[in-house]
Amino acid sequence: MPARPLRYNTVAMSFHWIIAALLIANIALGLYMGGLPRSDPSKFMIIQTHKSIGLTVLVLSLLRLGWRLVNRVPHLPLGMHPIVAGFARFTHVFFYVLIIAIPLSGWLMVSASPLGNGTNFFGLFIWPNLGFYAGQTREQLHSVHEMYETVHVYLAWSAIVLIPIHVAAALYHHFLRGDDVLRRMVPGMSVGD
């Protein structure tokens, strides 16, 4: 088995930063559109954009998970307290869960919507709904849709809490511990100095 690398490679960094940017943008978009009245003429377009970004995050996250399963990643820094190291591992796993579960719950929610609208993927094509709920009545769909909406919102709020913790931890490692945790995920920064 090859040795663990000192830093993440270009593929891993690309997945990390692109998914992070799309996730943060989509959370902001979701919070913004949640405050818009149903009568707002821009709301439908904003919802379609939110769904398109979410599905992009889902595809990229599945690719990232596949990459992660077949590639080794750098060790945590030496000298970390076991509890801190355990929390770091937990947050990484939880992030993988969130970046897949948030858009997946959104797709399930849309698929169970009584409105039956598909996703106009950035105006390019119609991304189909999942077929699990075909043939159900509006009343049956309503409760399922509400359940997925609740799950989607709770997962999104979990990310809203976790993202600042993740950023603060990276800054803590860089500025207070002076280790390579942040540098090994930033393109162009050297590690092992």
Side-chain angles (χ1 to χ4, degrees), residues 1-32 49-109 121-122 127 148 151-193:
M1 182 174 287
R4 285 181 181 268
L6 294 177
R7 63 179 297 127
Y8 292 94
N9 66 18
T10 303
V11 174
M13 286 190 278
S14 299
F15 278 137
H16 177 88
W17 293 110
I18 292 171
I19 291 172
L22 291 174
L23 182 64
I24 292 169
N26 225 20
I27 287 172
L29 204 54
L31 292 173
Y32 174 71
T49 303
H50 178 77
K51 293 192 298 184
S52 298
I53 293 173
L55 289 165
T56 304
V57 169
L58 178 60
V59 171
L60 291 175
S61 298
L62 291 172
L63 291 172
R64 181 180 183 181
L65 177 62
W67 181 93
R68 174 64 185 83
L69 291 174
V70 297
N71 287 278
R72 304 190 83 186
V73 297
H75 276 295
L76 290 173
L78 295 174
M80 284 182 69
H81 191 281
I83 294 176
V84 176
F87 184 72
R89 289 188 186 93
F90 168 78
T91 56
H92 281 119
V93 171
F94 194 39
F95 257 125
Y96 273 95
V97 171
L98 288 177
I99 61 177
I100 292 172
I102 293 173
L104 184 59
S105 64
W107 191 12
L108 287 163
M109 179 178 70
F121 190 81
F122 295 115
W127 186 292
Y148 285 128
V151 170
H152 188 66
V153 169
Y154 276 111
L155 291 171
W157 275 104
S158 297
I160 290 170
V161 171
L162 196 58
I163 289 169
I165 293 173
H166 182 69
V167 172
L171 295 176
Y172 163 77
H173 279 280
H174 188 70
F175 290 109
L176 297 182
R177 284 182 53 95
D179 60 32
D180 291 333
V181 166
L182 179 62
R183 282 194 289 268
R184 64 193 188 185
M185 187 50 94
V186 177
M189 293 187 81
S190 60
V191 298
D193 295 336

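No hydrogens, no waters, no symmetry mates; every other heavy atom, side chains included, goes into these values. In this chain, residues are counted from 1 in sequence order.
- Summarising the geometry of Thr56 relative to Ser52, their closest heavy-atom pair is OG1-O, 2.8 Å, with the distance given to 0.1 Å.
- Under the 6.0 Å distance and 45° angle rule, Arg68 does not count as a cation-pi partner of Tyr96.
- Within a 6.0 Å sphere centred on CZ of Phe122, other residues, nucleotides and ligands contribute more than 12 heavy atoms.
- No side-chain heavy atom of Arg184 sits under 4.5 Å from any side-chain heavy atom of His173.
- The side-chain heavy atoms of Val11 and Asn71, taken from C-beta on, include no pair separated by under 4.5 Å.
- Looking at residues two or more places apart in sequence or on another chain, you find a side-chain hydrogen bond (donor to acceptor under 3.5 Å, both in side chains) between Tyr148 and Tyr133.
- Between Pro164 and Val161, the shortest heavy-atom contact is CD-O, 3.3 Å.
- In the displayed structure, Trp67 atom CH2 is contacted under 6.0 Å by more than 12 heavy atoms of other residues, nucleotides or ligands.
- Atoms NE2 and NE2, from His166 and His92 in turn, are 5.0 Å apart once rounded to the nearest 0.5 Å.
- Residues His16 and Tyr8 keep their aromatic ring centres 6.0 Å or farther apart.
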Before giving the answer on side-chain contact (heavy atoms from CB on, under 4.5 Å), spell out for Arg183 and His174 the whole-Å C-alpha distance, their side-chain angles and the decisive distance to 0.1 Å.
CA-CA 8 Å; Arg183 282 194 289 268; His174 188 70; 3.6 Å; yes
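- Counting non-hydrogen atoms of other residues, nucleotides and ligands closer than 6.0 Å to OH of Tyr154 gives a total of 12 or fewer.
- Between the CG atom of Leu55 and the CG atom of Leu104 there is a distance of 9.5 Å, given to the nearest 0.5 Å.
- Under the rule for a side-chain hydrogen bond (donor to acceptor under 3.5 Å, both in side chains), the partners of Arg177 that lie at least two apart in sequence or sit in another chain are Asp179.
- Summarising the local packing, CG of Leu176 is surrounded by more than 12 heavy atoms from other residues, nucleotides or ligands at distances under 6.0 Å.
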Would you please test Asp180 and Arg7 for side-chain contact (heavy atoms from CB on, under 4.5 Å) and show each step?
CA-CA 8 Å; Asp180 291 333; Arg7 63 179 297 127; over 6 Å; no
Carefully, step by step, assess Lys51 and Phe121 under the rule side-chain contact (heavy atoms from CB on, under 4.5 Å).
CA-CA 8 Å; Lys51 293 192 298 184; Phe121 190 81; over 6 Å; no
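- Counting heavy atoms from C-beta outward, Ile163 and Leu23 have side chains that approach closer than 4.5 Å.
- Annotation: the span from Leu182 atom CG to Tyr172 atom OH amounts to 14.0 Å, rounded to 0.5 Å.
- A heavy-atom distance below 4.5 Å is not found between the side chains of Leu76 and Val181.
- Rounding to the nearest 0.5 Å places CG of Leu98 at 10.5 Å from OG1 of Thr91.
- Here Ile99 contributes atom CD1 and Leu60 contributes atom CG; the two are 9.0 Å apart, rounded to the nearest 0.5 Å.
- When atom types are taken as modelled, the side chain of Ser61 and the backbone of Ile100 share no donor-acceptor pair closer than 3.5 angstrom.
- Using modelled atom types, one side-chain atom of His152 and one backbone atom of Ile102 make a donor-acceptor pair closer than 3.5 Å.
- Here the side chains of Phe87 and Ile165 are in contact, with some heavy-atom distance below 4.5 Å.
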If you apply the rule side-chain contact (heavy atoms from CB on, under 4.5 Å), what do you find for Asn26 with Val57, and how did you get there?
CA-CA 9 Å; Asn26 225 20; Val57 169; 5.5 Å; no
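- Atom CD1 of residue Ile18 and atom CZ of residue Arg64 lie 10.5 Å apart, to the nearest 0.5 angstrom.
- With Trp17 contributing its side chain and Pro187 its backbone, the two residues share no donor-acceptor pair below 3.5 Å.
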